[in-house]
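Heads up, the thing below is written out as structure tokens.
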Amino acid sequence: MINILDYTIKEFEEFIEKLGQPKFRARQVFDWIYKGVSSFDEMSNLPKDLRERLEKEAEIGLPEVVDMQVSKTDGTRKILFGLKDGNLIESVFMKYKYGNSICISSQAGCRMGCKFCASTLKGLNRNLTSGEMVGQILAAERTIRREALAEKESLPGLGQIDLKDDDYRVGHIVVMGTGEPFDNYDNLSKFLKSVHSQNGLNISNRNITVSTCGVVPMIERFGKEFPQVNLAISLHATTDSLRSSMMPINNKYPISKVIQAARNYMEETGRRITFEYTMVNGVNDRDEDADRLANLLRGLLCHVNIIPLNKVEGSGFDTVSRKRAMEFGNLLEKKRIPATVRRELGGDIDAACGQLRLKNRE
Ligand code: SAH
């Protein structure tokens, strides 16, 4: 049984031809799937025998919604998905003024071992396939749409109002959920091509961001292969001893290597890089940290995204006040390094990376 979501249109055309069908049927199937249909039976322009054949040999591998938390303050939804083999993964659906955005996972678990992160506490179970990454988006859209339709029905006055695509469609993707995307590069690459494809979700590369903890060789490869996709690098510290104590990857690729890779990336692509800086109380939040950070990033086309730590129980790390995060950002701005403090969405739900998944495993 194949998962169609793992297939590019070209691969699926070959599959369809092997079934003895003309290849334009592949496009019809893709159209239905990306329009929101979940079963072959509903694909009314396909001959019945093809629908039956697909039923037997293929599936639209959407993950199952196991749990969902909805923020009362901003409508952020954290969705816990179950995969076919029982693995659990998380996605976060967020509403912004400019449209809907989703944060997806790239692995079930993670082997990078960052000390402040919940996603890596139990190690890596396995890589996600590209179809499992696409599946998170399609399943989230379907869930939000179903929810909105149910709400409309329960409120008769709203019956007149049409549900607009923008109400549930995802326009922006960040690969910042569980996992290290550059530790699963081939599937990530297939995923990026597939969501960008006109036969897929048709999302502009500029609306997609991939975040890495700093796997240097892959940063260079990514710059060459996906120059239009946004890159974010998790830096979090300005000295090697501190960064290594927070992020084991730094033992392999120290700060100087990461900055050099960023420089090469900038020269190759001309694109601005986002540096993520998770602030931890008493660890990396002093004025001299801001000074060092500004010095490190001088001359780079970049932007710093300050994230006050989401506390993970038992990690021993504490968060900083929003006020301190703002002050830190102002210190950077004074040194002409653009910085913003991440807007806190879903503060009232298990928003911290990997927390919902962790809770459900115990
Ligand atoms: N592995 C990739 C992407 C997933 S993590 C990476 O490291 O970039 C996405 C971002 O969330 C990273 O910057 C990560 O360091 C940060 N993060 C992880 N746990 C966090 C926590 N408890 N609080 C705040 N940020 C966290």
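Ligands are counted one by one from 1 in listed order, and the atoms in each one are counted from 1 as well. Sequence positions, counted from 1, serve as the residue numbers for this chain.
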H236 vs Y277 aromatic rings, parallel, tilted or perpendicular, using cut-offs 30° and 60°? perpendicular
What part of T212 sits under 4.0 Å from ligand 1 if we count only heavy atoms: the side chain, the backbone, both or neither? backbone
Taking atom NZ of K257 as the centre, does the number of heavy atoms from other residues, nucleotides or ligands within less than 6.0 Å exceed 12? no
Near G179, which atoms of ligand 1 are under 4.0 Å from a heavy atom of that residue? 1 (N), 2 (C), 3 (C), 4 (C)
Show me which atoms of ligand 1 lie under 4.0 Å from any heavy atom of E276. 10 (C), 12 (C), 13 (O)
Taking 4.0 angstrom as the limit and counting only heavy atoms of H236, give me the atoms of ligand 1 inside it, by number and element. 13 (O), 14 (C), 15 (O)
Residue-ligand contact M112/ligand 1, heavy atom below 4.0 Å: no
At the 4.0 Å heavy-atom cut-off, does C110 count as touching ligand 1? no
Numbered in order shown, the ligand 1 atoms found under 4.0 Å of a heavy atom of L309 are 21 (C), 22 (N), 23 (N), 24 (C)
Is the shortest distance from a heavy atom of G177 to ligand 1 less than 4.0 Å? yes
Kindly confirm or rule out an N or O of V312 lying under 3.5 angstrom from an N or O of ligand 1. no
Between F226 and F222, what is the ring plane arrangement, given parallel below 30°, perpendicular above 60°, and tilted in between? tilted
Short N or O distance, M176 and ligand 1, threshold 3.5 Å exclusive: no
Who's closest to atom 16 (C) of ligand 1 heavy-atom-wise, of T278, I249, V210, V215? T278
